Amino acid sequence: NAGVTQTPKFQVLKTGQSMTLQCAQDMNHNSMYWYRQDPGMGLRLIYYSASEGTTDKGEVPNGYNVSRLNKREFSLRLESAAPSQTSVYFCASSEAVTGGFYGYTFGSGTRLTVV
Amino acid sequence: RKEVEQDPGPFNVPEGATVAFNCTYSNSASQSFFWYRQDCRKEPKLLMSVYSSGNEDGRFTAQLNRASQYISLLIRDSKLSDSATYLCVVNDRNNNDMRFGAGTRLTVKP
């Protein structure tokens, strides 16, 4: 039972480079999310997908794009990386956007450094 | 004012101690409440949901006070393995997402 799988686990980018973070869940969840976590800031929502075929901006969407490829997969793209995007990125999924009974299940995170 | 506020700590307690964390939220329309645990360099994991009537899971007790807009987590008989950061999470129904507090760090010492 893999839950939520994120790749890659670590990445170093140069300013201006692009990359895509991949996320897949095998729990048949409807909703998927991308968060970033910075020291002292807590997790902040970048984008979410309430259901297959829909995506919406979260609290900090600037500099990112997402694609809900199918029910299982939700990718996050940085088109032109900036040092301010150095962070730990978590993908999560849930039965429903309210968190449902069981809240969110998180992937193990991607540690991204932009130099 | 942050939507979800927690005392960042750190809380340093001896084994066997009882420790309590509080969390306040600003959106009175919030519907769902959770406590998550996050170990160093790991992902957050659900510790427990918080129900209106309060709920208990072993050594952990969660309470919700809607009138004052805060939730609490009580840990009794602390273990070394309880050392972690505890995140308060509140559903912001109007924005269809959940908002996380910055976390309270707990260290339980022998």
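Everything quoted here is computed from the prediction, not taken from an experiment. Letters A, B, ... mirror the listed sequences (proteins, then strands); counts begin at 1.
The hydrophobic cluster containing A/Met19 also contains A/Phe74, counting ILVMFWY residues as joined when their side-chain heavy atoms lie under 4.5 angstrom apart, directly or transitively. Linking ILVMFWY residues whenever their side-chain heavy atoms come closer than 4.5 Å, directly or via other members, leaves A/Leu78 and A/Val88 in distinct clusters. Note: the hydrophobic cluster containing B/Val108 does not contain B/Leu74 (ILVMFWY, side chain heavy atoms under 4.5 Å, direct or indirect links). Tracing side-chain contacts under 4.5 Å through hydrophobic residues (I, L, V, M, F, W, Y), one reaches B/Leu80 starting from B/Val13; they form part of the same cluster. A/Leu76 and B/Phe100 end up in different hydrophobic clusters when Ile, Leu, Val, Met, Phe, Trp and Tyr side chains are linked at under 4.5 Å.
Per-residue counts of heavy-atom pairs under 4.5 Å with chain B were compared for A/Gln37, A/Met41, A/Arg44; the largest is that of A/Gln37. Chain A forms more heavy-atom pairs under 4.5 Å with one residue of B/Gln38, B/Lys42, B/Met48 than with any other, namely B/Gln38. Looking only at heavy-atom pairs under 4.5 Å with chain B, the residue among A/Gly58, A/Ser108, A/Gly109 that has the most is A/Ser108.
Proximity of A/Leu43 to B/Val89: side-chain heavy atoms (C-beta onward) are nowhere separated by under 4.5 Å. You'll find the side chain of B/Arg41 reaches within 4.5 Å of the side chain of A/Arg111, heavy atoms only.
Outside the 6.0 Å centre-distance limit, the rings of B/Tyr36 and A/Tyr104 are not counted as a close aromatic pair.
Atoms CD and CD, from B/Glu43 and A/Gln6 in turn, are 8.5 Å apart once rounded to the nearest 0.5 Å. Rounding to the nearest 0.5 angstrom, the gap separating the OG atom in A/Ser94 from the CG atom in B/Leu46 is 11.5 Å.
Here the closest heavy-atom approach between residue A/Phe106 and residue B/Pro44 is recorded as CD1-O, 3.4 Å.
With a 4.5 angstrom heavy-atom cutoff, B/Gln6 does not touch chain A via any of its atoms. When heavy atoms are compared at a cutoff of 4.5 Å, B/Pro8 does not approach chain A at all.
Enclosure of atom NZ in A/Lys71 by more than 12 non-hydrogen atoms of other residues, nucleotides or ligands within 6.0 angstrom is indicated.
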